[in-house]
Participant: 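I'd like to ask some things about the structure below.
Chain A is the first sequence line, chain B the second, and so forth, proteins listed ahead of strands; every chain is numbered from 1. Values below: every heavy atom of this structure, side chains too, minus hydrogens, waters and symmetry copies.
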Number of protein chains: 2
Amino acid sequence: MTALPVQGALTAPAEDCLKAIYDLERSGQGAAVTTNDLAHRLDLAAASVTGMVKRLADQGLIDHAPYRGVRLTESGRRAALRTLRRHRVIETYLVQVLGFGWDRVHDEAERLEHAASDELVDRMAASLGDPATDPHGAPIPTREGGIAELPAARPLAELAEGERGVVARVEDEDADRLRYLASLGVVPGVEVEVVERAPFGGPVSLRVAGTPRLIGPQLAAQVMVA
Amino acid sequence: MTALPVQGALTAPAEDCLKAIYDLERSGQGAAVTTNDLAHRLDLAAASVTGMVKRLADQGLIDHAPYRGVRLTESGRRAALRTLRRHRVIETYLVQVLGFGWDRVHDEAERLEHAASDELVDRMAASLGDPATDPHGAPIPTREGGIAELPAARPLAELAEGERGVVARVEDEDADRLRYLASLGVVPGVEVEVVERAPFGGPVSLRVAGTPRLIGPQLAAQVMVA
DNA sequence: GGAAAGATTTAGTGTGACCTAAACTATTCT
DNA sequence: AGAATAGTTTAGGTCACACTAAATCTTTCC
Ligand SMILES: [Mn+2]
Ligand SMILES: [Mn+2]
Ligand SMILES: [Mn+2]
Ligand SMILES: [Mn+2]
């Protein structure tokens, strides 16, 4: 009846931290990930991050240069990708098989990713035909630990007037935002055209599948188009 | 990205403990559940159980008479049944939809039961047509917290020679045992007849769907027939 | 070059969950 | 009844993970 941890025994907070480091490493070009970035991302006090970071470094999952930041080791990267795979397979399964809305699956996956076995995740993936991306357009790592580096997507906010592109991916952490984007028709796979960009942080006017739409610049920064 | 507990915030060990108390209360006729029983069931030191029991009592989930044992309160019973529902729905889903063997789902469910939301469990149940029992024959509590009290099943070990019955339920915690029972054809719904019972804890000889089989007495004690 | 600002780590607390060993209670047996 | 036994709780320790407050390090800016 006792619930043993599922694998080589990483805790849920440790897995979430590795995932966050992975993500921040990817977005920040090659720079080490700072304590503050992590604290903000994980919604923790900076001191708590330092503690977690020490434990992860002891386990050889990250390299920590005090005051300088943190970098995943090879084994840390593998662990991060395993968690990411679980998360994204679960999200996809919840949407495609169980009928969840795309705005509700992130939180559920955030918990289940730490409890599901590899076998469960593999069975879910197989029953979906081993999808390449999750419902928000993020690539799903393979069982073997590979990940398709998404082909050059830019934030919608950076497109010039008149440029078009296909929505490749949207940030998935905020349910309200996702619901709003869906209501505008801004979902992965849809073609958008930037009609006009107001200066000084003004709204971006779009044509989404023919319909004219206006969105704010910070939202436009979180929609990636290819 | 942070993983908050899913509900009114019971921890996984607390949920497992409540489940164990529920189960022991049901099998031990009306008597209070002792620390030792719980320790054995949960595979913990007795002192650890005392600690857990204190916390649960503080939360009003159990009544604890020191040195005398423990009893679920109404709210503790509700919490136990909610966890039990999750566990059994998940087991059933894993077997029926994802093709897991019935011997492999218990451990998986033991973890997932603490991470899955009510909505997820309800969707799983709905997609199965709200089944009444799990793959091992145990009744699945309803969303509303009711549970069908299984109609008078007796251990196979207690049947007299010549008696027949239908397997109603088997203990699900030991994977090896489940595999063995399946190999004998002893699964819920199958008719068995006791041909002969050797005295002094000797083997029970059965006829399972026509085929003669021999099983040991302690195994026979864990197969319930109706 | 030095001070201020900002980021990071250390120090000290608290909680839940485990453990072992010691103290205590209840029951059972002479 | 009194003593042994079995069961239970208390005492004291550890670990992960959070927090706040206080030090400390780095960077930036005059
Ligand atoms: Mn997500
Ligand atoms: Mn998570
Ligand atoms: Mn089970
Ligand atoms: Mn459990």
Participant: Going by atom types alone, do A:His136 and A:His106 pair a side-chain donor with an acceptor below 3.5 Å?
Facilitator: no
Participant: Please list, chain by chain and in numerical order, all residues satisfying side-chain contact (heavy atoms from CB on, under 4.5 Å) with A:Arg78, sequence neighbours excluded.
Facilitator: A:Glu74, A:Ser75
Participant: Among pairs that include at least one residue of residues 215-226 of chain B, which meet salt bridge (Lys or Arg N to Asp or Glu O under 4.0 Å), considering only residues two or more places apart or in two chains?
Facilitator: none
Participant: Got a sec, which residues hit side-chain contact (heavy atoms from CB on, under 4.5 Å) with B:Arg68, two or more places apart in sequence or on another chain?
Facilitator: B:Ala65
Participant: Sequence neighbours excluded, which residues qualify as side-chain contact (heavy atoms from CB on, under 4.5 Å) partners of A:Glu158?
Facilitator: A:Pro155
Participant: Expressed in angstrom and rounded to an integer, what is the separation of A:Glu15 atom CD from D:dA16 atom C1'?
Facilitator: 14 Å
Participant: Tell me, please, which residues at least two apart from B:Asp58 pass salt bridge (charged side-chain N to carboxylate O under 4.0 Å, His left out).
Facilitator: none
Participant: Taking only side-chain N and O atoms of B:Asn36, does any of them lie within less than 4.0 angstrom of OP1 or OP2 on D:dT8?
Facilitator: yes
Participant: Through what angle, rounded to 10 degrees, does the axis of the helix from C:dG1-D:dC30 to C:dT30-D:dA1 turn between its ends, using five pairs per end?
Facilitator: 20°
Participant: OP1 or OP2 of C:dT9 versus the side-chain N and O atoms of A:Thr35: is any pair under 4.0 Å?
Facilitator: yes
Participant: Kindly say if B:His64 contacts the phosphate of D:dT9, meaning a side-chain N or O under 4.0 Å from OP1 or OP2.
Facilitator: yes
Participant: Strictly by side chain to side chain donor-acceptor pair (under 3.5 Å), give each pair with a member in residues 28-40 of chain B just once, sequence neighbours left out.
Facilitator: B:Thr34-B:Asp37
Participant: Go through residues 45-54 of chain B and report each residue with a non-hydrogen atom lying under 4.0 Å from DNA chain D, sorted by number.
Facilitator: B:Ala46, B:Ala47, B:Thr50, B:Lys54
Participant: Can I get a per-line list of side-chain donor-acceptor pairs under 3.5 Å for residues 218-226 of chain A, giving both atom names and the distance, sequence neighbours left out?
Facilitator:
from, atom 1, to, atom 2, distance (Å)
A:Gln222, OE1, A:Arg177, NE, 3.1
A:Gln222, OE1, A:Arg177, NH1, 2.7

Participant: Between atom CG in A:Leu38 and atom P in C:dT9, what is the gap in whole Å?
Facilitator: 10 Å
Participant: Below 4.0 angstrom from OP1 or OP2 of D:dT27, is there any side-chain N or O of A:Arg68?
Facilitator: yes
